[in-house]
Amino acid sequence: MTKPSLWSEIWKHKILYLFISPFFILFLIFGLFPILFSFYLSFHSWSGLGDMTFVGFSQFSYLLTEPVFWQSVGNTFAIWFLSSVPMLFFALVIAFLLNLPRLRMRGAYRTMFFITNVTSIVAVAIIFETIFSNQYGLLNYVLSLIGIGSLEWMNSSFLIKVVIASMVVWRFVGYNAIIYLAGLQSIPKSLYEAAVIDGANKIQIFFRITIPLLRPIILFTVIMTTIGSMQIFTEPEVLLGLSGGVGGAGMTMTLYMYNEGFINSNYGYASAVSWMMFIIIGAFSFINWKLVQRA
């Protein structure tokens with residue numbers, strides 16, 4: 001008996017493939033094609049109108065010597081560090097508190113923490129702008145009441161990064177807390193009961209049972225946070241504008257790519273920037289993955 005061919009099997013189940021075809025059609029049009037076209041475009045100079053000019057690797061060579069791009073890389077990494085470390089720490093603490101057995105209204109707390117993730121980032125940026133305003137900001141008013149004095153949040157290269165990082169923390173700490181909570185609830189309670197019987201205290205239980213069993217979840221959040229932080233755009237764009245604030249202190253890689261592509265109409269160079277971002281994000285995510293695995 002001959003084995004049926006692949007096409008005959010596809011035709012036999014054509015109705016099933018017809019139902020799932022919209023996803024693949026949309027992915028080819030809006031997903032795969034833009035990726036391939038951007039790679040092709042990165043080797044050409046094109047303003048969006050007229051003919052493309054093949055320039056080879058010259059745009060990548062220029063990118064490697066462009067100081068503004070490397071400033072955006074440094075800004076992005078600084079914002080990632082200032083936001084990811086406290087965000088994942090607070091998310092783990094919140095998840096631990098939400099997992100307490102005697103906690104009432106647990107569902108309401110979950111909803112409250114997750115709402116920050118679905119709130120309009122433009123509205124959030126406007127609110128944070130009023131909080132960290134140099135002259136009439138709420139935070140400066142509070143600092144003046146306790147005798148510290150006001151700070152130039154929007155005029156300092158470091159403080160600008162702190163403001164952007166605080167927006168990222170506020171937005172995603174609840175999202176990561178819900179993920180950690182799901183991981184905590186999957187740990188068998190018998191392990192905790194056995195540890196208590198053996199005389200382990202809460203700190204030993206946390207570091208020797210909870211953290212090791214949460215390692216896959218922690219790895220997932222670290223990688224996703226890394227990828228998200230490396231692509232941050234809306235927060236600095238709404239808060240500081242396309243210039244990235246004073247001295248370009250808030251200029252991130254994605255904001256730099258946007259300026260080159262849609263403001264300067266240099267789509268070929270912007271495509272080269274996007275592929276360099278892909279390489280940087282991939283390499284940095286791989287390093288984080290290895291470090292968390294060994295921890």
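In this chain, residues are counted from 1 in sequence order.
- The shortest distance between side-chain heavy atoms of L49 and Y267 does not fall below 4.5 Å.
- One side chain, N288 or T226, offers a donor N or O that lies under 3.5 Å from an acceptor on the other.
- Checking W153 against S133 by side-chain atom types alone, no donor-acceptor pair falls below 3.5 Å.
- Side-chain contact between F233 and M257: absent, with no pair of heavy atoms (C-beta onward) separated by less than 4.5 Å.
- With hydrogens and angles ignored, the 3.5 Å screen pairs no side-chain donor or acceptor of K290 with any backbone N or O of F286.
- Using a distance-only test at 3.5 Å, with no hydrogens or angles considered, a donor-acceptor pair links the side chain of N201 to the main chain of I203.
- You'll find the side chain of I227 stays beyond 4.5 Å of the side chain of F284, heavy atoms only.
- Side-chain contact between E235 and R171 is present, with at least one heavy-atom pair separated by less than 4.5 Å.
- Residue L145 is not grouped with residue L138 when hydrophobic side chains (ILVMFWY) are merged at heavy-atom distances under 4.5 angstrom, including chains of intermediate members.
- Between Y40 and H44, the ring-plane angle classifies as tilted under the 30° and 60° cut-offs.
- Between A91 and N176, the shortest heavy-atom distance links the atoms CB-CB, 3.7 Å.
- Neither L36 nor I279 shares a network with the other; the hydrophobic side chains, linked directly or stepwise wherever heavy atoms of I, L, V, M, F, W or Y lie under 4.5 Å apart, form separate groups for each.
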**Request:** Could you walk me through whether L88 and V85 pass side-chain contact (heavy atoms from CB on, under 4.5 Å), step by step?
**Result:** CA-CA 6 Å; L88 296 181; V85 175; over 6 Å; no
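- Within a 6.0 Å radius of CZ in F54, other residues, nucleotides and ligands contribute more than 12 heavy atoms.
- Residues F262 and F30 do not share a hydrophobic cluster, defined by chaining ILVMFWY side chains whose heavy atoms lie under 4.5 Å apart.
- If you take CD on E237 and OG on S243, they are separated by 10.0 Å, rounding to the nearest 0.5 Å.
- By the 4.5 Å heavy-atom criterion applied to side chains, Q185 and N99 are counted as neighbours.
- With respect to F132, the side chain to side chain contact (heavy atoms under 4.5 Å, CB included) criterion is satisfied by exactly one of V162, L239, V163: V163.
- For the pair K161 and S157, the minimum side-chain heavy-atom distance is below 4.5 Å.
- With hydrophobic clusters built from ILVMFWY side chains whose heavy atoms lie under 4.5 angstrom apart, Y141 does not share a cluster with L151.
- T210 places no side-chain N or O within 3.5 Å of a backbone atom of F207 that could act as its donor or acceptor partner.
- Hydrophobic clustering keeps L18 apart from F27 (ILVMFWY residues linked when any side-chain heavy atoms are closer than 4.5 Å, directly or through intermediates).
- Separation of the F60 and W275 ring centroids does not fall under the 6.0 Å cut-off.
- Other residues, nucleotides and ligands place no more than 12 heavy atoms under 6.0 Å from the CZ atom of F90.
- Using modelled atom types, one side-chain atom of Q59 and one backbone atom of S42 make a donor-acceptor pair closer than 3.5 Å.
- A distance-only check finds a donor-acceptor pair linking the side chain of W70 to the backbone of L64 [under 3.5 Å].
- Considering every non-hydrogen atom in both Y180 and L214, the closest pair reads O-CD2, 4.2 Å.
- Atom OG of S72 is separated from atom CD1 of I79 by 10.0 Å, given to the nearest 0.5 angstrom.
- Listed for the N266 side chain is no donor-acceptor partner under 3.5 Å among the backbone atoms of E260.
- Relative orientation of the F37 and F33 rings is parallel, given thresholds of 30° and 60° on the angle between their planes.
- N75 places a side-chain N or O within donor-acceptor distance of the main-chain N or O of G248, the cut-off being under 3.5 Å.
- To the nearest 0.5 angstrom, L26 atom CG is 13.0 Å from L32 atom CG.
- In this structure, the side chain of S84 does not engage the main chain of F81 through any donor-acceptor pair within 3.5 Å.
- Taking every heavy atom of both residues into account, F24 and I20 meet most closely at CD1-O, 3.2 Å.
- In terms of heavy atoms, S271 sits closest to S38 at CB-O, 3.3 Å.
- Counting heavy atoms from C-beta on, the side chains of P236 and I232 come closer than 4.5 Å.
- In this structure, the side chain of T76 does not engage the main chain of T252 through any donor-acceptor pair within 3.5 Å.
- In this structure, T254 and M277 approach most closely via the heavy-atom pair OG1-CE, 3.4 Å.
- Considering every non-hydrogen atom in both Q204 and G199, the closest pair reads OE1-O, 4.3 Å.
- Each of L159, V246, L240 was checked for a side chain to side chain contact (heavy atoms under 4.5 Å, CB included) with M154, and the lone residue meeting it is L240.
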**Request:** List the steps and the verdict of side-chain contact (heavy atoms from CB on, under 4.5 Å) for Y269 and E66.
**Result:** CA-CA 12 Å; Y269 178 67; E66 169 58 31; 3.7 Å; yes
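- Atom CD1 in I218 sits 12.5 Å away from atom CD1 in I223 (nearest 0.5 Å).
- Taken to the nearest 0.5 Å, the CE atom of M87 stands 14.0 Å off from the CH2 atom of W170.
- Side-chain contact between Y258 and L242 is present, with at least one heavy-atom pair separated by less than 4.5 Å.
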**Request:** Take I205 and V196, measure what side-chain contact (heavy atoms from CB on, under 4.5 Å) needs, and give me the verdict at the end.
**Result:** CA-CA 8 Å; I205 292 174; V196 172; 3.9 Å; yes
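- Here M224 contributes atom CE and S285 contributes atom OG; the two are 9.5 Å apart, rounded to the nearest 0.5 Å.
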**Item:** Residue pair V238, F128: steps toward the side-chain contact (heavy atoms from CB on, under 4.5 Å) verdict
**Value:** CA-CA 10 Å; V238 176; F128 270 76; over 6 Å; no
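- Listed for the S265 side chain is no donor-acceptor partner under 3.5 Å among the backbone atoms of G261.
- F43 CZ: more than 12 foreign heavy atoms inside a 6.0 Å radius.
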